[in-house]
**Student:** 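Got a structure for you, written out below as structure tokens; questions coming shortly.
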2 protein chains.
Amino acid sequence: MTVKTKTASGYGLRVSDHRVDESGDSDKRSPTARRMRADAVKNRARILAAAEEIFATEGVSVPIDRVAEKAGLGVGTLYRHFPTKEALFEAIVVARLETLLETVKAQREATDAGEALFSFLRAIAGQASAKRDLFEALGSAGIDIKSQCSEMMDEMKRNVDVLRQRAVDAGAMRSDVSTEEMFGLVMGACQASEHAGSEAASQRMVEIVCDGLRSPTATPLPGRTS
Amino acid sequence: MTVKTKTASGYGLRVSDHRVDESGDSDKRSPTARRMRADAVKNRARILAAAEEIFATEGVSVPIDRVAEKAGLGVGTLYRHFPTKEALFEAIVVARLETLLETVKAQREATDAGEALFSFLRAIAGQASAKRDLFEALGSAGIDIKSQCSEMMDEMKRNVDVLRQRAVDAGAMRSDVSTEEMFGLVMGACQASEHAGSEAASQRMVEIVCDGLRSPTATPLPGRTS
DNA sequence: TACTATACGGAACGTGCGTTCCGTTTGTCA
DNA sequence: TGACAAACGGAACGCACGTTCCGTATAGTA
């Protein structure tokens, strides 16, 4: 994941008392661990909200103090909840990826293989457009995405690859483009539209990529309908 | 242009004795100024070569010491030749842009409007593929490209826009995509291919974008041939 | 060969930023 | 309400990196 700043790398993660992020989100916790104090719960949520907005608009490289400030909290508090800037970022990206993962899985039910794939690509763009954080993370190909993210990315890729293969088989998409490349193109499209600002622009850009992905020359294999 | 690191901004450019980069490149110099010492000329070239390679492979955010090291020189020397990291980067990008500018202009002579545009897009990709520096610069839309670069970019955009308009008129390209968006898409394609590494991959990616740009629905206007 | 302007090298400086530390505040529970 | 663990705030720390400074080396010249 490697947050842009070089500094972040190789500092050694702190080993202090983060009883917070035991597994899932917000509130649920194993019976042994004590209950989180009410203010802590609220503040954690604030941090996530602030980070989400700031990372989205200004990219991952914003100083963490800005996030703390936006949340109306001190940096210390922020670090009590997330041991690392990267951990905070990851928490946000994971949430987004979860949404996308659901979308992919839903599309596996679709009958039109081509539409299934392309509408998923549009969904990615929807999640990523004007969210610098996301496409900074994904655009860099997940080469160095870590831990939770990397597992999710793998799962996502597997799922998307199914969609892709079906679309290829159905003759709805050219066969010489890998899933990674597809991701890259879509992220590129998002980035291309960033300056335009509007969500509409990014959808238009993605549409262009989709058009490029449909193999204009290949004709649907005989014997298949969708 | 804004080299990634925040630190770079707002330092105030040094005003010291840079009699070096009077106007153009390497050697030519106004008659009044003294001649550069031979070692200085050689070292300047070394710096440029080292920077070109390092920026290309590792992006603009590499520490400047790395460049100096690669050139086999001290940082002080480097700063004697280029007052700022940004200035060094600019010198390199300008050279690339010049090449591209020539290419655009050459394409204005072409008869096939569509091919003229698309082969220029391929040329951009050729210059940018595996050159992180360039598409970090261009991909970020030239929003904050400065000085020389910004003028060149403007000139480039004007020229490309001519190609684009012709292609649209000839029915070889959809009409709802701006020149900036086109750039963005091509840069995105380059980035998408970066992981694949091969130049071939990036050409394939660009081809996809080109396919997307040809308006699949629009039919050529009657009365035009190319 | 000696002299000097020019150029070089690299230690040192300043800043931004991630992270840590610790004294203070506050929610929770009896 | 009092006691105490939990949580907070923000000053302080350390590092990376851009840039500057200045003592030393050397090309050019007479």
Side-chain angles (χ1 to χ4, degrees), chain A residues 1-20 29 33-47 51 54-55 58-89, chain B residues 1-20 29 33-47 51 54 58-69 71-89:
Chain A
M1 180 163 306
T2 306
V3 166
K4 199 60 85 335
T5 339
K6 299 280 162 151
T7 325
S9 59
Y11 267 171
L13 298 186
R14 195 150 60 110
V15 206
S16 48
D17 54 339
H18 285 273
R19 65 159 59 79
V20 166
R29 145 191 22 276
R34 205 98 49 94
R35 168 107 135 273
M36 248 171 97
R37 251 168 59 172
D39 54 348
V41 174
K42 186 190 63 189
N43 285 340
R44 187 186 162 90
R46 273 195 189 186
I47 293 170
I54 286 214
F55 283 155
E58 313 196 28
V60 251
S61 56
V62 289
I64 211 154
D65 312 36
R66 301 272 321 275
V67 176
E69 188 191 26
K70 173 132 202 153
L73 300 168
V75 262
T77 305
L78 195 151
Y79 274 94
R80 164 161 287 269
H81 287 280
F82 300 91
T84 263
K85 185 186 185 183
E86 206 168 305
L88 172 57
F89 182 49
Chain B
M1 182 161 306
T2 306
V3 166
K4 197 63 86 336
T5 339
K6 299 279 165 150
T7 324
S9 57
Y11 266 173
L13 298 187
R14 194 150 62 108
V15 206
S16 47
D17 54 340
H18 285 273
R19 65 161 59 78
V20 167
R29 145 189 20 276
R34 203 97 48 94
R35 169 107 137 273
M36 248 172 99
R37 250 168 59 171
D39 53 348
V41 173
K42 188 189 63 186
N43 285 339
R44 187 186 160 89
R46 275 195 186 186
I47 293 170
I54 287 215
E58 314 196 29
V60 251
S61 56
V62 289
I64 211 154
D65 310 36
R66 300 274 320 277
V67 176
E69 187 190 27
L73 299 169
V75 262
T77 306
L78 195 150
Y79 274 94
R80 164 163 286 269
H81 288 279
F82 300 91
T84 261
K85 185 185 183 184
E86 208 169 302
L88 172 56
F89 183 49

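Sequence lines set the chain letters: A, B, ... in the order given, protein chains first and strands last, and positions in each chain run from 1.
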**Student:** Could you tell me the separation between the OH atom of Tyr79(B) and the P atom of dG18(D), rounded to a whole number of Å?
**Tutor:** 6 Å

**Student:** Quick one: Met36(A) CE to dC8(D) P, roughly how many Å, whole number?
**Tutor:** 8 Å

**Student:** To the nearest 0.5 Å, how far apart are OG1 in Thr77(A) and CZ in Arg80(A)?
**Tutor:**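 With rounding to 0.5 Å, OG1 (Thr77(A)) is 8.0 Å from CZ (Arg80(A)).
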
**Student:** Go nucleotide by nucleotide along DNA chain D from the 5' end; which of Ala38(B) and Val75(B) gets its closest nucleotide reached first?
**Tutor:** Val75(B)

**Student:** Closest-nucleotide mapping onto DNA chain C: is Leu73(B) or Asp65(A) further toward the 5' terminus? I mean the 5' end.
**Tutor:**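 Closest to the 5' end, via its nearest nucleotide, is Leu73(B).
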
**Student:** Let me know the distance between CG of Leu78(A) and C1' of dA7(D), rounded to the nearest Å.
**Tutor:** 13 Å

**Student:** To the nearest angstrom, how far is Glu86(B) atom CD from dG18(D) atom P?
**Tutor:**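 It works out to 12 Å between those atoms.
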
**Student:** Considering just the side-chain nitrogens and oxygens of Thr77(A), establish if one lies under 4.0 Å of OP1 or OP2 belonging to dA7(D).
**Tutor:** no

**Student:** Run the numbers on Ile47(A) and Leu73(A) for side-chain contact (heavy atoms from CB on, under 4.5 Å), then give the verdict.
**Tutor:** CA-CA 8 Å; Ile47(A) 293 170; Leu73(A) 300 168; 3.7 Å; yes

**Student:** May I ask you to verify if any side-chain N or O of Asn43(B) is less than 4.0 angstrom from the OP1 or OP2 atom of dC8(C)?
**Tutor:** yes

**Student:** Taking CZ from Arg80(A) and P from dT26(C), how many angstroms apart are they, rounded to a whole number?
**Tutor:** 16 Å

**Student:** Could you walk me through whether Met36(A) and His81(A) satisfy the side-chain contact (heavy atoms from CB on, under 4.5 Å) test, starting with their C-alpha distance in whole Å, then the side-chain angles of each, then the deciding distance to 0.1 Å, before giving a yes or no?
**Tutor:** CA-CA 11 Å; Met36(A) 248 171 97; His81(A) 287 280; 4.0 Å; yes

**Student:** Just how far, in rounded Å, is P of dG16(C) from CZ of Arg66(A)?
**Tutor:** 14 Å

**Student:** Find the distance between NZ (Lys70(A)) and CZ (Arg66(A)) and round it off to the nearest 0.5 Å.
**Tutor:**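 These two atoms lie 8.5 Å from each other.
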
**Student:** Tell me whether the side-chain N/O atoms of His81(A) come closer than 4.0 Å to OP1 or OP2 in dA7(D).
**Tutor:**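 For dA7(D), neither OP1 nor OP2 has a side-chain N or O of His81(A) closer than 4.0 Å.
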
**Student:** What distance separates Leu88(A) CG from Arg44(A) CZ, expressed to the nearest 0.5 Å?
**Tutor:**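 The distance works out to 9.0 Å.
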
**Student:** Which listed nucleotide (dA7(D), dC8(C), dC17(C)) is nearest to the side chain of Pro63(A)?
**Tutor:** dC17(C)

**Student:** Taking for each residue the nucleotide of DNA chain D with the nearest heavy atom, is it Arg37(B) or Ile64(B) whose nucleotide lies nearer the 5' end?
**Tutor:** Ile64(B)

**Student:** Side chain of Lys85(B) only, please: which of dG18(C), dC8(C), dG18(D) is the nearest?
**Tutor:** dG18(D)

**Student:** For a quick test of reading the model: is some side-chain N or O of Thr84(B) closer than 4.0 Å to OP1 or OP2 of dT19(D)?
**Tutor:** yes

**Student:** Could you state the atom-to-atom distance from CG of Asp39(A) to C1' of dT24(C) in whole Å?
**Tutor:**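 Taking CG of Asp39(A) and C1' of dT24(C), I get 14 Å after rounding.
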
**Student:** Ile47(B) CD1 to dC8(C) P: how many Å, rounded?
**Tutor:** 7 Å

